[in-house]
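Have a look at the structure below before the remarks.
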Amino acid sequence: RNKFERFGVAQVFPSPYVYSLHEDRSGHLWVQTEYGFGLFDHEHFYLKGPRTSLPWMGSAGIDSTAQGIVYFATPKGLGVLTPRSASTFDVAIMPPPANDATPIHAVRVDDNGMVWFSSENTVYRFSEGKVTDVSSGIGLPKDRWDAIAMDSTHCLSLRSSTRIVTLAHDGRSFRAE
């Protein structure tokens with residue numbers, strides 16, 4: 001029988017407005033809100049971030065690496081929570097790539113630890129400290145890409161409000177679904 005519990009601001013929940021949820025590889029639930037992150041460790045919620053409004057919050061999109069680094073979408077760039085210990089994290093915002101001042105909308109970390117993220121019309125890959133525009137020259141239609149998914153065969157798919165496209169296995173072109 002399932003047991004349901006209600007969690008809210010009274011239980012150290014950062015905000016009543018939830019932008020995104022993410023279960024990391026440890027089974028912990030991350031809750032992205034306008035006031036930071038809540039982390040549920042199977043027993044308690046913990047606040048990860050200040051209890052004041054964060055101007056860089058407001059986008060949905062969160063994912064993590066096997067090493068526990070959490071990447072999240074923000075209007076100001078790609079957010080990064082890097083663990084310092086079991087209970088503390090460093091927070092940083094990587095500004096958008098040059099000539100792209102649009103908000104980040106979606107984030108996905110693949111099994112190789114590469115971080116894929118999207119802004120208004122562009123999809124980027126972050127790997128080994130370098131950001132690469134992967135949409136240039138490989139047939140990605142101009143659109144606002146709101147979600148990035150990776151299936152069990154490691155195919156990358158993008159979703160806008162009007163279409164879904166998938167990156168071919170050779171990584172050289174996108175195809176409409």
Side-chain angles (χ1 to χ4, degrees), residues 18-26 28 30-34 36-37 39 48-49 54-84 89-177:
V18 173
Y19 294 124
S20 194
L21 299 171
H22 168 64
E23 183 178 6
D24 67 19
R25 288 173 172 86
S26 301
H28 297 133
W30 289 86
V31 181
Q32 183 182 9
T33 77
E34 66 183 327
F37 292 90
L39 176 63
K48 300 293 183 187
L54 302 172
W56 39 266
M57 295 301 280
S59 295
I62 182 173
D63 206 353
S64 60
T65 67
Q67 295 76 29
I69 299 171
V70 176
Y71 292 91
F72 56 98
T74 81
K76 304 284 184 186
L78 183 64
V80 185
L81 285 171
T82 306
R84 280 194 290 154
F89 286 79
D90 290 329
V91 180
I93 303 296
M94 291 178 12
N99 303 321
D100 189 349
T102 59
I104 304 301
H105 295 292
V107 178
R108 179 66 56 218
V109 178
D110 70 19
D111 291 341
N112 297 318
M114 285 191 276
V115 180
W116 300 80
F117 62 100
S118 65
S119 64
E120 290 294 321
N121 293 315
T122 308
V123 176
Y124 298 99
R125 181 179 58 224
F126 175 66
S127 179
E128 299 177 7
K130 182 180 175 188
V131 174
T132 305
D133 175 350
V134 297
S135 53
S136 296
I138 58 173
L140 182 66
K142 292 287 184 190
D143 210 334
R144 175 183 156 154
W145 301 106
D146 292 316
I148 302 173
M150 191 82 55
D151 70 15
S152 61
T153 65
H154 308 287
C155 279
L156 181 79
S157 295
L158 308 172
R159 180 194 51 79
S160 74
S161 63
T162 60
R163 64 181 117 197
I164 296 174
V165 297
T166 300
L167 185 62
H169 280 288
D170 64 7
R172 295 184 183 164
S173 64
F174 283 93
R175 67 179 188 275
E177 294 296 320

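These numbers come from the heavy atoms of this one structure, side chains and all, not from hydrogens, waters or symmetry mates. All residue numbers in this chain count up from 1 along the given sequence. If you're wondering where the values come from, they're calculated on a predicted model, not measured in any experiment.
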With sequence neighbours excluded, residues passing salt bridge (charged side-chain N to carboxylate O under 4.0 Å, His left out) with [X]:
X: D24; value: none
X: R25; value: none
X: R108; value: D63
X: D90; value: R84

Nearest 0.5 Å please: distance from the [atom1] atom of [X] over to the [atom2] atom of [Y].
X: L78; Y: S119; atom1: CG; atom2: OG; result: 11.0 Å
X: T166; Y: M150; atom1: OG1; atom2: CE; result: 11.0 Å
X: K142; Y: T122; atom1: NZ; atom2: OG1; result: 5.0 Å
X: I93; Y: K76; atom1: CD1; atom2: NZ; result: 10.0 Å

Of all heavy-atom pairs between [X] and [Y], which one has the smallest distance, and what is that distance?
X: L167; Y: R175; answer: O-NH1, 4.2 Å
X: D146; Y: S161; answer: OD2-N, 4.2 Å
X: A106; Y: A73; answer: N-CB, 4.2 Å
X: L140; Y: S135; answer: CD2-CB, 3.1 Å
X: I148; Y: L158; answer: CG1-CD2, 3.7 Å
X: V165; Y: A176; answer: CG1-CA, 4.1 Å

* Which residue pairs pass the ring pair (Phe, Tyr, Trp, His ring centres under 6.0 Å) test with at least one member in residues 107-149, sequence neighbours excluded? -> F117-Y124
* Asked: Under 3.5 Å, is there a donor-acceptor pair between the side chain of D110 and the main chain of N112?
  -> yes
* **Check: S26 side chain, H28 main-chain N or O, donor-acceptor pair, under 3.5 Å** => no
* side chain to side chain donor-acceptor pair (under 3.5 Å) involving S64 - partner list, sequence neighbours excluded -> H22
* Asked: Between T65 and Y71, is any pair of side-chain heavy atoms under 4.5 Å apart?
  -> yes
